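Just below is one structure, and these are the notes that go with it.
Residue numbers start from 1 in every chain, and the chains themselves are labelled A, B, ... in the order their sequence lines are given, proteins ahead of strands. Keep in mind that what you see is a predicted model, and the values were worked out from it rather than measured.
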Amino acid sequence: MLLVPCPHCGPRNAADLRYLGETTVRPDPSSADPDAWRSYLYLRDNPAGWLTETWYCRSGCRRYFTLERHTVTNEFRQSPLPFAKGERS
Amino acid sequence: MSRRLPPRAGEVIDRNEPVRFTWNGAEVTGYRRDTIVSALAGAGERIFSRSMKYHRPRGILTADYWDPNCRLQVGDEPNVRAAHRLVDHGMAVSAQNAWPSLDFDVRAANNAVSRFLTAGFYYKTFMKPARLWPAYERVLATFAPGGTVDLDTPHGYYDKRYAHPDVVVAGGGPAGLAAALAAADTGARVMLVEHDHRLGGHLLIGGGGDRAAAAELVSAVTDHPAIEVLLDSTVTGRYDDNWTAIVQRSHPVAVERLIKARAKVLVVAPGLIERPYVFGGNDRPGVMLSGAARRLIELYSIKPGDRAVVLSGNTSGDAAVRSLESAGVQVVRVVDARIGETVVATHGSPKRVEAVELADGTTVDADLLVTAIGWTAPTSLLNMAGDRPVYDEAAARFVPGGRLPDTVLATGGLVGDGSLDELVAHGRATGELAARRAAIVKATLQAATARARPPSEPIPEPPADDRPVLHPAPHPPLFRSASHGIVDYSEDVNSKDLVAAAAEGYDSVELIKRFTTSTMGPEQGKLETVNTVAVLAEARGESIGEVGTTVWRPPFAPITLGALGGRVFEPTRVSSIHAWHEANGMTPILAGQWIRPEHYGDPAAEVLNVRTNVGIIDVTPLGKLDLRGADVPRLLNLLYTNKWMQLPVGGVRYGVMCAEDGVVMDDGVTGRLGDDRYLMTTTSSGEGTVWEWAENWLQTLHPEWDVVITPVTTAFTSINVAGPRSRELLGRLTDVDLSPDAFGYMNVRLGSVAGVDGSIMWRIGFTGELSYELHVPAGHGLTVWEALLDRGADLGVAPFGLEAQRIMRLEKGHFIVGQDTDGLTRMPSTGLEALIRLDKDDFAGKPELAWALDGGDADGAVGPAVPRIVAIQPTDPNLVPAEACQVVRAGTNEIVGRITSSRFSPTLERSICLGQVLPEATAAGTVLTVVLTDGTRTTATVMAHHAHFDPEGARLRV
Amino acid sequence: MTTMRMLTTGIRRRSAVSGSARYSAAGLIKRGITGESWPRAWRDHELKSSYDVVIIGAGVHGLAAAYYLAANHGITNVAVLDKGYVGGGGSGRNTAIVRSNYLTPEGVAFYDRSLTLYNTMAGDLNINVMFSERGHLTLAHTDSALRTMRWRAEVNKLQGIDSNVIGPDEIKALTPSLDTSANTRYPILGALYHPPGGTIRHDAVNWGYARAANALGVQIHQNTEVTDIVVVGGERESGRGGGGRVTGVRTTRGDIATPIVLNATAGWASLIAAMAGVRLPITTHPLQAAVTEPVKVFLPTVVVSGSLHVYVSQTDRGELVFGASVDPFATYDMRGSLDFTEELAGHVLELMPGISKMRLLRQWAGLCDMTPDYSPVMGFTPVEGFLSDVGWGTYGFKAGPVSGEQMAECIATGRTPKLIAPFALERFTAGQLVGEKGAAAVGH
């Protein structure tokens, strides 16, 4: 059971959190073209390496936050910034 | 004929307590602390099973948990490891895969044709005629080697436990015992897990000195307050971050228990597993490993044979010679593998060894052949922690590769060999290191958790690993003799099979394993992986190290489904009115976690009563979110497709939420209760999803907004009072002015109902009647419910359930998200285009909805093929088509839509439906062809409005 | 039903493997007597400097594509590359369930074609793939699930597929070990029953295609990892499939020139596609499976429960094989987890309470490339010569034969066959996802 480092609650069993996937950048809805919008909806990098991703601490502080995790070793690095403008899960 | 020896020092059996049980129906007597197999062996039994494919008779091989020949049925329990399981009064033990009996098994006829039934033979035949494969399959299935499951087996009591020890030590031999003591002395809380029924490991069969040393260590461990000992338990898995699975097989109450321990440090000290030798006749009863002979003699006082040959390649073989002699067995020949001597075959009947043929050409009469040709390191737990074993040529075994995280340490035989003092010293040093590293893990976890540790308290420095070195001792490489023999006893795989498989191209370890099934039996490779690799290496002309080995997968020891499942803790949810429903004839329905009334006996009557008089329904599961803050309207604008900035206090609006792909996600009404106070309702199943969705937007995109959300679904009991007389009824119970001018349709008021303050009242209309939805503080729900029934008796008030509500909403054409819409339904398909306000800045899914309304995006890809929701009435008013019946183009099988909701309407006295159909069929008056579930076809007509009843909504607005 | 299948198989070629290399009972007897070993199922080769087609991935999809290229189109200058051993990825790790009772007409037509090919595979490939048509039950525990089963049944029937909704009594008669009473936490309300569904020996299918392809001249290269794909022209950096065309691949055993590269990997699809500058709608999650010790056979059907997230069948050797849903977060690490086996056991015991004393023996995992609409990505990409047969999620094995057949046609003709047109990569930028998303079920 992976321990996920919630920035507020400390390391918690992964079952206490919900995984939302690669953190994506939402295009400006008023100017995005279908290609850009649907890339945001569907296309993903899916790297075998460091990934910035969004987690939700559903059994604890109920905050959304990003973490950097290596998708092969499952090590975590703390993501240094809160959500940047336009970034969401 | 009894094979039991007179009492010996070191025996574990209690001769004062005989234990009577049955074996294949016949009564046998053993002693307390005998295993089932030792009790049987003591009574003279030599054959315990028949092999899987060839049904060859099989006797004791290892006399421990992993013995492949000793899996027996005990009562309703299949596959009992009978050389490990302790015997008990009244057990009904039987062989598993012999017919008609162990003694005479007709399937042994296979043995005569074994050359044609080589590993993987079934891939090469039984292909034609194809229609006979089921018959072939049934025959093959009768060779299924396991025991029998009694499907009426009652589900016993199993449980789970969580533990947070500082150090888990896997293995209670000398190194493990020493590690546990040292770790506990260094301040750690230790959990020591031992596979067998007692601590001590190989010391218990080592003779007087070893036993005394064991007793000392065991006594210190048992007395130590910081060490918890678990016997007959195995550390069976090591998962991420040392999440450790321990199967506890002996428990006073539970049949078996799973312990999940988040070990800060795991010490792995499982010792070594002895390996069988591959040669002709190596599975004949009477061939056993040195550990088996020693255990039978030293622990159970059993004489394993009368005339023995011992093939010795190491000290265990030498010790076996001494043990055998002390038991009165005539050791007629010691074959020393260290100087190149070896054994080539056994001869005799299928049921017993009668002679042993040596490499030097001589044949020796004997009824027992004991082999000691080497060891396999069970590196499983290390592998699960990321290590890859490395082959040590000089020691002739795989050893740990040294790529372990700091929190996993290995000690004892797993790492290397040495004197007892050396093993103990290594164990001690490992235990101390483990405790010190555990303290660092603890400090680090605390430092990462707010307020768990004062920032001024430093995290200790990591200690150096300056443990003594333990090297694996040199050992002659002994895998296969000059002849061919069994490599996997459980799967009946012969070394010839492996050679043939390699020749056919299945010449990597993984391929040969899959093709021959070697290592895939119940021992999962513990006895056979290395021999398989060795034979393959030989066939490839490579070294074992070059060939490599298979991946060890969890669990290390098998665990029952019962223990893995544990107890069922799935809550159900009920409202405060539940007991009343139960007492008053409800038929319950499970809706998610909720138990709700589906009806009270006659849903049609309930519908008519609502439309004529007044009905009340318990709608507590309705999702409710309390929203507060100056920016709530902005949030509502973002979540819903319509506009919310101008909602006045006391106003209520209906909204639909879409996901970012424009697909309908949820719907409900939201009302403004005060300047900065709103209440949002969602679908019952959507409550959690919508709350998390809303929080996501607030936290990630608009953290600057002043909004606080509190889920209040269970804070209120919700009751809908519906019907032409609802105003009259409610008026008797509330201080709120219900007159139409004061409280119009789509409004909300606060007040008291039946004396309960803090109640919220909406005037909305899912059922299509004049109705008020009450949300009262949850604990007072029953009070209000009973008051309504009591005060409304003369008005004909009666409860109604979910089914009646579904009928009425269908009569009014209200779609249900997730039933009339699906995972591809974008909002325009619902017919509610008017609610999509593209002139808003931003809302979830706006771009997709804009393109959908446009008839497609730049590519014009979205358009004619998108279905829409329509109301449908079957031509035959008494025919209620099943939901999900397909709508097809007349005369074809081409699907153009389906029925999504379908009921008989008591109000209209005819069947009514909602469905989704392609645009070609949505025009009012279109006649549709509906395929019923029995395959027949009928017609139905598309209606002009979604509402079948009162489409203008006049009844709502009185 | 069998007759209809045989008619629609298409042109039956003489079997790829001929002469004394053919598997048969007679052959077994002969070699049992003489002791002569069978020839290698597939040969090792030196890597050539060029091929007409390079297929990345020696799983069932890649091997089937190679076989059908050779058998149906006479294209034999083909290399199948795999960084590990034949069938070592998802093809060797799945729970080997085959069925065609999908939700959409296009899904049904597609998977049913596969079932047709499976039915005659033993004869076509001259290997016993042990296709056991034992009946497939998808249990429904809620009204909404039952409605979805009805939806699938009705669509199936209109396509001529044997599929229907049955009630608890009939379920109990088919599978006595199931608890169909109302006493369970989530009582069984009904099931989608699909008699033609069943299980197959997945390794035999992989080896069968490998052996047959090899016999027709295709080269299979194990332990050959692709490290890059050479694309000329286009904007590889854009990450949105910026065009250009393929001229070759680089591997750990050398470079190959080729105009056509087929990405037939599972678990690595995004990484391979990235080498060609193509971005996919895929996230990779482990899917775990587990097996118990063998017991006497008692489970005659394949049982799936969407609500309880579990599926189970029993092998001829008597082991129960279990699966559930994919792991919740994306990772390329195929280690197992304990919570998987715990949840699985809990749910299986709800379905079959009598098996609590059976023991779990082994668990493993494979990698699944998940797409937003539970359907694959097949066909051409914006990079000329770079084709995809990926995104197979948890339902890839059953589609191996038809995918191979269709991708071979795609490559040979240069046109997208009708059967796979709904699975084009463009559907995502067009916002036209496949309808299988309509009733998102779990556990395929």
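When side chains are defined from C-beta on, I282(C) does not count as touching R44(A), because their heavy atoms never get closer than 4.5 Å. Looking at L433(C) and Y42(A), their side chains come closer than 4.5 Å, going by heavy atoms from C-beta outward.
Considering only residues two or more places apart in sequence or on other chains, F329(C) meets the ring pair (Phe, Tyr, Trp, His ring centres under 6.0 Å) condition with W55(A).
Here the OH-CG distance, from Y332(C) to L51(A), works out to 9.5 Å after rounding to the nearest 0.5 Å. With rounding to the nearest 0.5 angstrom, the CG atom of L43(A) is 12.0 Å from the OG1 atom of T283(C).
Residue pairs meeting the salt bridge (Lys or Arg N to Asp or Glu O under 4.0 Å) criterion with at least one member in residues 324-341 of chain C, sequence neighbours excluded, are D240(B)-R335(C), D333(C)-R335(C).
Here the closest non-hydrogen pair linking T71(A) and A330(C) is CG2-O, 4.3 Å. Here the closest non-hydrogen pair linking S270(C) and N46(A) is OG-ND2, 2.9 Å. Residues T429(C) and R38(A) come closest through the heavy atom pair O-NH1, 2.8 Å.
Residue R245(C) qualifies as open at atom CZ: its count of foreign heavy atoms under 6.0 Å is 12 or below.
Neither the backbone nor the side chain of R18(A) has a heavy atom closer than 4.5 Å to any heavy atom of chain C.
In terms of heavy-atom pairs under 4.5 Å with chain A, the best-connected choice from A273(C), S337(C), P328(C) is P328(C).
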